[in-house]
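Just so it is clear, the model here is predicted, and its values are computed rather than measured. Numbers restart at 1 for each chain; the letters A, B, ... are given by sequence-line order, proteins then strands.
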2 protein chains.
Amino acid sequence: MGLPLRKSKVAPPPACPFSEVLALLRGAWTANIVWHLSRDARRFGELRHDMPRISARVLSARLRELEARGLIARHALDSSPPSAEYALTELGRELLPVIGAMARVGQKLLSEWGKHPVHAPRRSGELPAYARGG
Amino acid sequence: MGLPLRKSKVAPPPACPFSEVLALLRGAWTANIVWHLSRDARRFGELRHDMPRISARVLSARLRELEARGLIARHALDSSPPSAEYALTELGRELLPVIGAMARVGQKLLSEWGKHPVHAPRRSGELPAYARGG
DNA sequence: CAGGATCCTAATCGATACTG
DNA sequence: CAGTATCGATTAGGATCCTG
């Protein structure tokens, strides 16, 4: 018979609701949108310009999602042609420390991976595209 | 003719490599794995026990991915039946501040969403599964 | 127990075309 | 300009079976 399962020594996951934030930032774009709104309000087309590879469909979907959660506010401008402006709400600004932390760690990881080459997996096997050196 | 595009006023995305961290934590499970390794080393089966809904296939894939990046170390234990233990490396511990920040913000978001119900989207349209109340 | 192989479903996203 | 609708490609992840 094998080793007994150990319960987490000090504390199991002590009620850690970061899953919500992960779900929120899930997808390739949401965090980038928040980042690009961190300085000032931006219009739909400006955001597309800031992130040239996002499609209108996805940008629209993410913005509606963030709006539904109260993280951004949408202001329709009555100009011609019409435009809409998006801004972080106070609640949305709560996400900025997370993004800041990710940016700092990202720096560090990049510099480490620059020193040592990223190890190949032990055996050939499934690795997602972003892990295969693209 | 419409409003001119505004360049980001203060600074555009001033070189923010959080995309790497996002790519790293992409998927529903990677951050949880790091979290569960934050206290002490855990074996494969213990991690499965900690996260009952992860499949062996995905857990294995994520562990190999984190190992390939030098964020966790794998130690094969010579017991019978064989087992393997995974632990965060020093580099992997750099991720903990990010996860801590996510946990804090997650708390806050949950409490806000508890006060006001989450707004429905303005029109019926695509919302991801995790946004539809699951 | 650790984990690979296969099959399959659901979700994400880009491209394109179209509307107000 | 600010979106929406449709389509097809890619991917994450679960279930199941199988091996050392």
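Phosphate contact (OP1/OP2 of C/dG4, side-chain N/O of B/Ser60, threshold under 4.0 Å): present. Of the side-chain N and O atoms in B/Arg74, one or more sit less than 4.0 angstrom from OP1 or OP2 of C/dG3.
Taking atom CZ of residue B/Arg64 and atom C1' of nucleotide D/dG13, one finds them 14 Å apart after rounding to whole Å. Between B/Glu65 atom CD and D/dA12 atom C1' the separation is 11 Å, expressed in whole Å. Between the CG atom of A/Leu77 and the P atom of C/dG20 there is a distance of 22 Å, rounded to whole Å. The CH2 atom of B/Trp29 sits 16 Å away from the P atom of C/dA11 (whole-angstrom rounding). B/His49 places its NE2 atom 11 Å from the P atom of C/dC1, with the value rounded to the nearest Å. Distance CG (A/Leu66) to P (D/dG3): 13 Å, rounded to an integer number of Å. Taking atom CG of residue A/Leu59 and atom C1' of nucleotide C/dG14, one finds them 13 Å apart after rounding to whole Å. B/Asp78 places its CG atom 14 Å from the P atom of C/dA2, with the value rounded to the nearest Å.
B/Trp113 places a side-chain N or O within donor-acceptor distance of the main-chain N or O of A/Arg69, the cut-off being under 3.5 Å. Under the 3.5 Å distance criterion, the side-chain polar atoms of B/Glu46 are matched with a main-chain donor or acceptor of B/Arg43. Although no hydrogens or angles enter the test, the distance criterion places a donor-acceptor pair under 3.5 Å between the side chain of B/Ser111 and the main chain of B/Lys108. Not a single donor-acceptor pair under 3.5 Å links the side chain of A/Thr89 to the backbone N or O of A/Ala73. Side-chain N or O atoms of B/Ser83 include none that pairs as donor or acceptor with a backbone N or O of B/Leu77 at under 3.5 Å.
Closest approach of B/Val21 to A/Met102, counting heavy atoms only: CG2-O, 3.3 Å.
By the 4.0 Å N-to-carboxylate-O rule, B/Glu65 lies close enough to B/Arg62 to be salt-bridged with it.
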Expected string for nucleotides 15-20 of chain D under the B/S/- scheme (protein heavy atoms, under 4.0 Å, primed atoms plus P, OP1, OP2 as sugar-phosphate) is B----B
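Checking D/dA12, C/dC1, C/dG3 against the side-chain heavy atoms of B/Arg62 singles out D/dA12 as nearest. With D/dG14, D/dG3, C/dG14 as the choices, the nucleotide that has an atom nearest any side-chain atom of A/Val58 turns out to be C/dG14.
The residue A/Ala28 sits close only to the backbone: its heavy atoms come under 4.0 Å of sugar-phosphate atoms, none of a base.
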